[in-house]
Number of protein chains: 2
Amino acid sequence: MLNKAEGDLVMGLANLQNKIQKRQAAALSAHGISVTEYMVLLQLHRAANHRMRRIDLADNVGLSASGVTRLLNPMVKIGLVHKEENVRDARVSLVVLSDAGAQIFQDAEVSFNHAAQALLAPLGAEQQGALAGIIKALL
Amino acid sequence: MLNKAEGDLVMGLANLQNKIQKRQAAALSAHGISVTEYMVLLQLHRAANHRMRRIDLADNVGLSASGVTRLLNPMVKIGLVHKEENVRDARVSLVVLSDAGAQIFQDAEVSFNHAAQALLAPLGAEQQGALAGIIKALL
DNA sequence: GCTGAATGTTTGAGCCAGCAAGTATTTATC
DNA sequence: GATAAATACTTGCTGGCTCAAACATTCAGC
């Protein structure tokens, strides 16, 4: 069985991601948001005009369409984000990052990146570069 | 903000893992088991005498103790696995891989490893080695 | 050898996500 | 320009996992 190495790598990646996700969740809990919510805020922050269609959000965050709907509901209530209808296409409802949401994101980003740095600290500079290349190749 | 690179790496890893997990789930669905169940079978298969304490299983698979209990219940019913009480310590209930479970695992392992190989195919040999080193360093 | 802490497991309640089905709107075909 | 297919989104239902609490058993200190 020659492809056992690949199987072990995939298992290792799963374990690693599990660990990372828990740490990042802890880091973000201080800001009252989950990792998934952070991903949404990040996408919106990077999007043109801080607004996006829900379906693109779903794609970029790796969620289903219904997952986005349910995730966004509380975020709208809290005011991190608000809806906006599209004049051109009445099917789509755009999601817009609010100022409050942008502020929370910026605070959370500091924590997130700091935690990420701590997690990846065991890697040397060239290992980190290699990892970036690997992710790019596999995504 | 110099640690942005690390944050992006962590986000990239999350996306990658998301993709991998879905592919592996599809590969395993032919055998009627989930990725988590596969992980359990794998651990049991590798364990001495094909048996393990539930708590060690939880640790190795990255689940909570209650998660293991709930995951195992259907697997016991189907006969992939069975309980066994520990004579030395009446608190623990050992999980034992059944012959049927071992058979299913061996079949599933082929699919799993094959899918893993396909996923990692874009990587060169030395990238794959680098990834193994990175995972080891970070776990 | 008794009492309190620690350990292993199960159970109840709740959250988060997915799938399938339903609604509304737009696009394509004829 | 009517009909069918495709697209964007929401909702009902369900599964999987967690946390906190309960319970049973063992271990440690006196």
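Hydrogens, waters and symmetry mates are skipped; everything else that's a heavy atom, side chains included, is used. Residue numbers begin at 1 in each chain, while the letters A, B, ... track the order of the sequences.
- The residue among A/Arg70 and A/Ser93 whose nearest nucleotide of DNA chain D is located toward the 5' end is A/Ser93.
- First and last contacting nucleotides of DNA chain D toward chain B (any atom under 4.0 angstrom from a heavy atom, 5' to 3' order): D/dC17 to D/dT26.
- Remark: side-chain polar atoms of A/Gln24 are paired, donor with acceptor, to backbone N or O of A/Phe112 under 3.5 angstrom.
- Side-chain contact of A/Asp99 with A/Gln103: a donor-acceptor pair under 3.5 Å is absent, judged by distance alone.
- Looking at heavy-atom distances under 4.0 Å, A/Gly67 makes contact with sugar-phosphate atoms alone, never a base.
- Base engagement by B/Ala65 is indicated by at least one non-hydrogen atom pair under 4.0 Å involving a base atom.
- The outermost nucleotides of DNA chain C lying under 4.0 Å from heavy atoms of chain B, listed 5' to 3', are C/dA6 to C/dA13.
- Aromatic ring orientation, A/His45 versus A/Phe105: tilted (interplanar angle from 30° to 60°).
- Side-chain contact check for A/Gln128 versus A/Leu131: every heavy-atom pair is 4.5 Å or farther apart.
- Both A/Gly62 and B/Ile55 lie near DNA chain C, and the one whose nearest nucleotide falls closer to the 5' end is B/Ile55.
- Between A/Glu37 and B/Val68, the one whose closest nucleotide on DNA chain C sits nearer the 5' end is B/Val68.
- Residues passing the side-chain contact (heavy atoms from CB on, under 4.5 Å) test with A/Lys83, sequence neighbours excluded: A/Arg54, A/Ser93.
- B/Asn49 places no side-chain N or O within 3.5 Å of a backbone atom of B/Arg51 that could act as its donor or acceptor partner.
- Between A/Thr69 and B/Ser34, the residue anchored closer to the 5' end of DNA chain D is A/Thr69, taking for each the nucleotide with the nearest heavy atom.
- With hydrogens and angles disregarded, a donor-acceptor distance shorter than 3.5 Å links the side chain of A/Glu37 to the backbone of A/Ser34.
- Panel note: side chain A/Ser29, backbone A/Gly32; no donor-acceptor pair is recorded below 3.5 Å.
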